[in-house]
Amino acid sequence: MSSETFEIIELANGDVALRRAGHKEDPLVRIHFSAESLQFLRDHKVAIARAMLEAGIEAVQNIDDLEPGYLDEDDELLPINHTVH
């Protein structure tokens, strides 16, 4: 990503999203918290979403550090549930 400015917004459905500042198009990323998560987070939903987005942006900035072949163009992108520790 370039040095564009981004903003964190709360959507009408309660999701937290990242979009280019001043743009009204679809957000680049949306974060949806379950009802159970929201009970736990209480008033800290946006702060947690911000930390998640900052970690994602940092990972993108360091994308060249990923293992070569981590995801080949021929790999199918199928939704798979994994437990990550």
Side-chain angles (χ1 to χ4, degrees):
M1 286 188 185
S2 65
S3 62
E4 292 183 68
T5 302
F6 298 93
E7 59 188 357
I8 297 171
I9 59 170
E10 187 169 354
L11 302 173
N13 68 356
D15 289 356
V16 179
L18 178 73
R19 72 174 177 198
R20 287 180 180 87
H23 290 82
K24 301 298 181 197
E25 71 259 5
D26 283 340
L28 300 168
V29 175
R30 296 172 191 242
I31 298 174
H32 174 80
F33 292 102
S34 69
E36 182 180 2
S37 296
L38 290 172
Q39 286 179 348
F40 178 76
L41 296 174
R42 296 185 311 264
D43 296 334
H44 304 289
K45 173 178 76 170
V46 174
I48 298 302
R50 172 187 222 99
M52 294 167 69
L53 291 166
E54 288 173 352
I57 291 168
E58 184 178 335
V60 168
Q61 291 171 339
N62 297 321
I63 203 159
D64 290 334
D65 295 339
L66 290 177
E67 295 176 29
Y70 174 74
L71 182 64
D72 294 326
E73 290 180 22
D74 296 337
D75 289 345
E76 271 189 64
L77 296 176
L78 299 175
I80 300 173
N81 292 327
H82 291 285
T83 301
V84 180
H85 296 274

- Item | Cluster overlap I31 with L38, hydrophobic side-chain contacts below 4.5 Å | yes
- Message: Show me the pairs that pass side chain to side chain donor-acceptor pair (under 3.5 Å) and involve residues 21-32, at least two apart or across chains.
- Response: D15-H32
- So if you build clusters from Ile, Leu, Val, Met, Phe, Trp, Tyr with side-chain heavy-atom gaps below 4.5 Å, do V29 and L41 land together? yes
- Message: Please report the interatomic distance CG(L28) to CZ(R20), rounded to the nearest 0.5 Å.
- Response: 5.0 Å
- Message: Taking F33 as the starting point, is it possible to reach F40 by hopping between hydrophobic residues whose side chains are less than 4.5 Å apart?
- Response: yes
- Query: What salt bridge (charged side-chain N to carboxylate O under 4.0 Å, His left out) pairs are there with at least one residue in residues 32-47, not counting sequence neighbours?
  - Reply: E10-K45
- Query: Step by step, would you call R19 with I9 a side chain to side chain contact (heavy atoms under 4.5 Å, CB included)?
  - Reply: CA-CA 8 Å; R19 72 174 177 198; I9 59 170; 3.6 Å; yes
- Message: My understanding is that only residues two or more places apart in sequence, or in another chain, count here; which of them pass side chain to side chain donor-acceptor pair (under 3.5 Å) with T5?
- Response: none
For residues 47-59, which side-chain N or O atoms pair as donor and acceptor with protein atoms under 3.5 Å away, sequence neighbours left out?
| unit_1 | atom_1 | unit_2 | atom_2 | d |
| --- | --- | --- | --- | --- |
| R50 | NE | E54 | OE2 | 3.3 |

